[in-house]
Amino acid sequence: CRKHNVTEQTFFRWRNKFGDMGVAEIRRLQELEAENAKLDKQIAEIRKLRDEIRALLSRKQIIETLQTDRSRTVDLLDQLVRQTPDGVYLKTVKQDGLKVNLTGYAQSNARVSAFMRNLQSSALVENTQTSPQLVEIKASDVNKRRLSEFNMNFTIKRPVTEEDASKAGKAGAAKKG
């Protein structure tokens with residue numbers, strides 16, 4: 001070991017690794033190790049590319065959602081104008097995703113009821129047992145007038161994306177065929 005300027009530890013490690021191998025076998029082993037190192041780098045690069053693809057697909061999904069939701073607020077306000085009967089006055093409109101909360105005043109409880117029926121018949125509102133839902137209605141004095149103050153929640157229908165429409169079309173075609 002001293003003659004070749006190698007420590008005993010290095011010698012024993014080398015002997016355990018290459019013990020009974022000939023020169024050709026050692027070269028072949030080194031070539032295989034070099035090839036494995038190249039393949040490990042390629043695998044790491046492939047994993048990195050897969051992660052980038054997932055991130056890009058996620059961004060694409062977010063952009064598609066934003067595109068479909070872009071006009072949703074305008075549609076909501078348009079439907080509120082169309083569905084609000086005379087004698088009902090909206091104070092606040094809050095939208096969180098597909099959930100909408102309305103507060104306002106009405107000349108009577110019957111007008112609030114009519115407003116809820118109008119919302120139920122709207123193409124924009126999800127018509128379920130809990131949507132629209134009257135949270136609270138109470139008598140209130142506003143400018144020396146007796147009004148009904150109300151708070152209600154409802155859910156708007158999820159917009160249909162092009163992808164959803166194509167899936168629905170394929171499913172419908174499969175059922176017919």
Between the CG atom in Leu76 and the CZ atom in Phe154, the distance rounded to the nearest 0.5 Å is 5.0 Å

- Take Arg72 and Lys157, measure what side-chain contact (heavy atoms from CB on, under 4.5 Å) needs, and give me the verdict at the end. CA-CA 10 Å; Arg72 213 62 182 156; Lys157 291 181 181 174; 4.0 Å; yes

Across all chains, not counting sequence neighbours, the salt bridge (charged side-chain N to carboxylate O under 4.0 Å, His left out) partners of Arg28 are Glu31

Discussion item. Looking at Asp141, I want to see if its CG is surrounded by more than 12 non-hydrogen atoms of other residues, nucleotides or ligands under 6.0 Å.
Written reply: yes

Going by chain and number, the hydrophobic cluster around Leu147 (ILVMFWY, side chain to side chain under 4.5 Å) further includes Tyr105, Val142

Lys91 meets the salt bridge (charged side-chain N to carboxylate O under 4.0 Å, His left out) criterion, sequence neighbours left out, with Glu149

Between Arg111 (side chain only) and Asp86 (backbone N and O only), is there a donor and an acceptor less than 3.5 Å apart? yes

Note to self: Set out, in order, the CA-CA distance, both residues' side-chain angles and the distance that settles side-chain hydrogen bond (donor to acceptor under 3.5 Å, both in side chains) for Asn151 and Thr103, then state yes or no.
What the structure shows: CA-CA 4 Å; Asn151 181 352; Thr103 59; over 6 Å; no

Apart from Ile63 itself, its cluster of hydrophobic side chains linked below 4.5 Å comprises none

(message) side-chain contact (heavy atoms from CB on, under 4.5 Å) for Leu124 and Gln83? Distances and angles first, verdict last.
(response) CA-CA 11 Å; Leu124 185 72; Gln83 303 302 335; over 6 Å; no

- [ ] Show your working on side-chain hydrogen bond (donor to acceptor under 3.5 Å, both in side chains) between Ser113 and Arg117 and close with a plain yes or no.
- [x] CA-CA 6 Å; Ser113 178; Arg117 280 193 301 275; 2.8 Å; yes

d(Thr73 OG1, Ile156 CD1) to nearest 0.5 Å is 7.0 Å

*Run the numbers on Thr92 and Leu102 for side-chain contact (heavy atoms from CB on, under 4.5 Å), then give the verdict.*
CA-CA 6 Å; Thr92 64; Leu102 299 176; over 6 Å; no

NZ of Lys99 to CD of Gln133, rounded to nearest 0.5 Å, is 9.5 Å

dist Leu32:CG -> Leu39:CG (nearest 0.5 Å) comes out at 10.5 Å

Practice task
Please step through side-chain contact (heavy atoms from CB on, under 4.5 Å) for the pair Asn153 and Val100, ending with a clear verdict.
Solution key: CA-CA 6 Å; Asn153 295 323; Val100 179; over 6 Å; no

So the salt bridge (charged side-chain N to carboxylate O under 4.0 Å, His left out) pairs with at least one residue in residues 43-57 (sequence neighbours excluded) are Asp51-Arg54

Ile62 meets the side chain to side chain contact (heavy atoms under 4.5 Å, CB included) criterion, sequence neighbours left out, with Ser58, Leu66

- prompt: Heavy-atom distance under 4.5 Å between the side chains of Leu134 and Met116, does that happen here?
  reply: yes

Separation between CZ (Phe150) and NZ (Lys138), nearest 0.5 Å, reads 13.0 Å

Side chain to side chain contact (heavy atoms under 4.5 Å, CB included) with Leu29: of Glu25, Glu33, Arg27, only one passes, and it is Glu33

Rounding to 0.5 Å, atoms CZ (Arg82) and OG (Ser122) come to a distance of 9.5 Å

